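Data block below; observations after.
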Amino acid sequence: MEALPVLRAQHLSKTIGRRLIVDDVSIEVRRGEILGFLGPNGAGKTTTIRMLVGLIRPSGGTVEIAGHDLRSDFEAAMRKVGCIVEGPDLYRFMTGRENLEHFARMIGEVRPEEIEAVAATVDMAHRLDEKVRTYSLGMRQRLGIAQALLGGPDLLILDEPANGLDPAGIREMRELLRGLARERDLGILISSHLLGEVEQMCDRVAIIHRGRLLTSGPVSELLTRTDGWLMQVDRADAAASIMRDRGLEVARNDGWLEFQAGRELIPNLIEALVREGIAITSVQPRKRTLEERFLDETHGETV
């Protein structure tokens, strides 16, 4: 039997005044995976996240975290989730250890050795007794994740965890989160505007626009055009001419011929090219970037 999702949000909606901010959004996060939650500014991402962690009440729909309904079993549900919404909530005049101890007292049932363990997990054990005000942005982000890990949650919800980091810090954050999902069997939901990073980090993505969920699915599937192909040949001009004679539109793309055709046409096309003495080095589906797919779905609106 397939395991239940660690997060299941069904038909979420939120109305503020007369304005419908979130409209019938359903998403799931499974253990061991990272879901990228994407949308242009004002699309409803943060409002949705705030509903997922109980900061605001949905106007409609349900949220379950590790099988606990957020509305009817709030405390049990919240014990299963760690979150960072709009930046880690840290006291800069305290040390890293004091911040973790303070948070541990609020949630209860946290052993002292767990503080050491989560600090080591995010590679902060060596700086734990220094003031947070001396930390870099990346260190503060890692301490925030350590704080979110206290209590052993099954789900992490992170709003822009790599925001403001330099390329090295972004890579470190990616590796940290991938490791957490894999080694701790956590489900992780990430809201981010760094589409290239989401493409590398996430297993699945969900795209929201004007409050509605447009699409969701595995990254590999969303980025593969079912009718788009790339072909590498030794006589590109001759191959392109044959393709055009068959009614195909052909373009050059970094040494490749790019064209659209149904999968069923590819064997006959290859046979025709080989018959004309054209050597084919490679034929493969054209993969779009996540940015291209995002802009297609949102009609050009940026994150």
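This is a predicted model, so every value here is computed, not measured. When a residue number appears, it is its place in the shown sequence, counting from 1. Heavy atoms only: backbone and side chains are in, while hydrogens, waters and symmetry mates are out.
Taking the charged nitrogens against the carboxylate oxygens, Lys80 and Asp73 have no contact shorter than 4.0 Å, which rules out a salt bridge. A salt bridge is defined here as a Lys NZ or Arg NE, NH1 or NH2 lying under 4.0 Å from an Asp or Glu carboxylate O, and Glu33 with Arg204 meets this definition. The existence of a salt bridge linking Glu175 and Arg178 is excluded, since no basic side-chain nitrogen approaches an acidic carboxylate oxygen closer than 4.0 Å. Here Glu101 does not pair with Arg97 in a salt bridge; the nearest charged N to carboxylate O distance is not below 4.0 Å.
Atom-to-atom distance recorded for Leu70:CG and Thr62:OG1 is 9.5 Å, nearest 0.5 angstrom. Asn268 contributes atom CG, which lies 9.5 Å from atom CD1 of Ile270 (distance to the nearest 0.5 angstrom). Atoms CD and CD1, on Gln200 and Ile34 in that order, are 12.0 Å from each other to the nearest 0.5 Å. To the nearest 0.5 Å, atoms CG (Leu195) and SG (Cys202) are separated by 10.5 Å. The CZ atom of Arg30 sits 13.5 Å away from the CG atom of Asp185 when rounded to the nearest 0.5 Å. Note that CD1 of Ile49 is 6.5 Å distant from CZ of Phe37, once rounded to the nearest 0.5 Å.
For Asp154 against Ala66, the heavy-atom pair with the smallest separation is OD2-CB, 3.7 Å. Here the shortest heavy-atom pairing between Leu155 and Ile188 reads CD1-N, 4.5 Å. Nearest heavy atoms, Leu248 versus Ala261: CD2-CB, 4.1 Å. Val81 and Pro153 make their closest contact through C-CB, 3.7 Å (heavy atoms, listed as atom of the first residue, atom of the second, distance). A pairwise comparison of heavy atoms in Val122 and Ala146 identifies CG2-CB, 3.7 Å as the closest pair. Between Leu149 and Leu186, the shortest heavy-atom distance links the atoms CD2-CD1, 3.9 Å.
Residues Val6 and Met78 share a hydrophobic cluster, clusters being chains of Ile/Leu/Val/Met/Phe/Trp/Tyr side chains in contact below 4.5 Å. Put simply, Phe93 and Leu100 are part of two different groups of oily side chains (I, L, V, M, F, W, Y) that touch within less than 4.5 Å, one to the next. Residues Met139 and Leu143 share a hydrophobic cluster, clusters being chains of Ile/Leu/Val/Met/Phe/Trp/Tyr side chains in contact below 4.5 Å. Ile280 is not connected to Leu265 by any chain of hydrophobic side-chain contacts under 4.5 Å among Ile, Leu, Val, Met, Phe, Trp and Tyr, and they are in different clusters. Cluster annotation: Val274 and Leu230 are assigned to distinct hydrophobic clusters (Ile/Leu/Val/Met/Phe/Trp/Tyr, side-chain heavy-atom contacts under 4.5 Å, transitive).
Legend: residues meeting side-chain contact (heavy atoms from CB on, under 4.5 Å) with Ala168, ordered by chain and number and at least two apart, are Asp166, Arg171.
Distance alone, capped at 3.5 Å, places no donor-acceptor pair between the Lys131 side chain and the Thr95 backbone. The closest donor-acceptor contact from the side chain of Gln141 to the backbone of Pro161 lies under 3.5 Å. A side-chain donor-acceptor contact under 3.5 Å links Ser26 to the backbone of His11. A donor-acceptor pair under 3.5 Å is formed between the side chain of Ser13 and the backbone N or O of Gly60. Lys14 places a side-chain N or O within 3.5 Å of a backbone atom of Arg57 that can act as its donor or acceptor partner.
Between His68 and Phe74, the closest side-chain pair of non-hydrogen atoms is not below 4.5 Å. Taking 4.5 Å as the limit, some side-chain heavy atom of Leu165 sits within range of a side-chain heavy atom of Met173. Taking 4.5 Å as the limit, some side-chain heavy atom of Phe259 sits within range of a side-chain heavy atom of Met231.
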Would you be so kind as to tabulate the donor-acceptor pairs closer than 3.5 Å made by side chains of residues 239-247, with sequence neighbours excluded?
| residue | atom | partner | partner atom | Å |
| --- | --- | --- | --- | --- |
| Arg244 | NH2 | Val250 | O | 3.4 |

Evaluate salt bridge (charged side-chain N to carboxylate O under 4.0 Å, His left out) for Asp237 paired with Arg252, printing each intermediate quantity in order. CA-CA 10 Å; Asp237 290 339; Arg252 296 287 187 93; 2.3 Å; yes

Run Glu276 and Arg235 through salt bridge (charged side-chain N to carboxylate O under 4.0 Å, His left out) and show every step you take. CA-CA 10 Å; Glu276 294 298 323; Arg235 294 162 53 205; over 6 Å; no

For side-chain contact (heavy atoms from CB on, under 4.5 Å), just list the numbers for Arg263 and Trp229, CA-CA rounded to whole Å, side-chain angles, deciding distance to a tenth of an Å, and then say yes or no. CA-CA 9 Å; Arg263 183 178 291 272; Trp229 297 89; 3.7 Å; yes

Under the criterion side-chain contact (heavy atoms from CB on, under 4.5 Å), I'd like the reasoning laid out for Tyr91 against His102: C-alpha separation, chi angles, the key distance, then a yes or no. CA-CA 10 Å; Tyr91 295 101; His102 176 69; 3.6 Å; yes

Trace of the side-chain contact (heavy atoms from CB on, under 4.5 Å) decision for Ile190 with Leu177: CA-CA 10 Å; Ile190 292 174; Leu177 295 178; 3.5 Å; yes

side-chain contact (heavy atoms from CB on, under 4.5 Å) assessment of Thr15 paired with Val22: CA-CA 7 Å; Thr15 302; Val22 175; over 6 Å; no

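In the displayed structure, Glu75 atom CD is contacted under 6.0 Å by at most 12 heavy atoms of other residues, nucleotides or ligands.
When the options Leu20, Ile21, Val25 are evaluated for a side chain to side chain contact (heavy atoms under 4.5 Å, CB included) with Asp23, the one that passes is Leu20.
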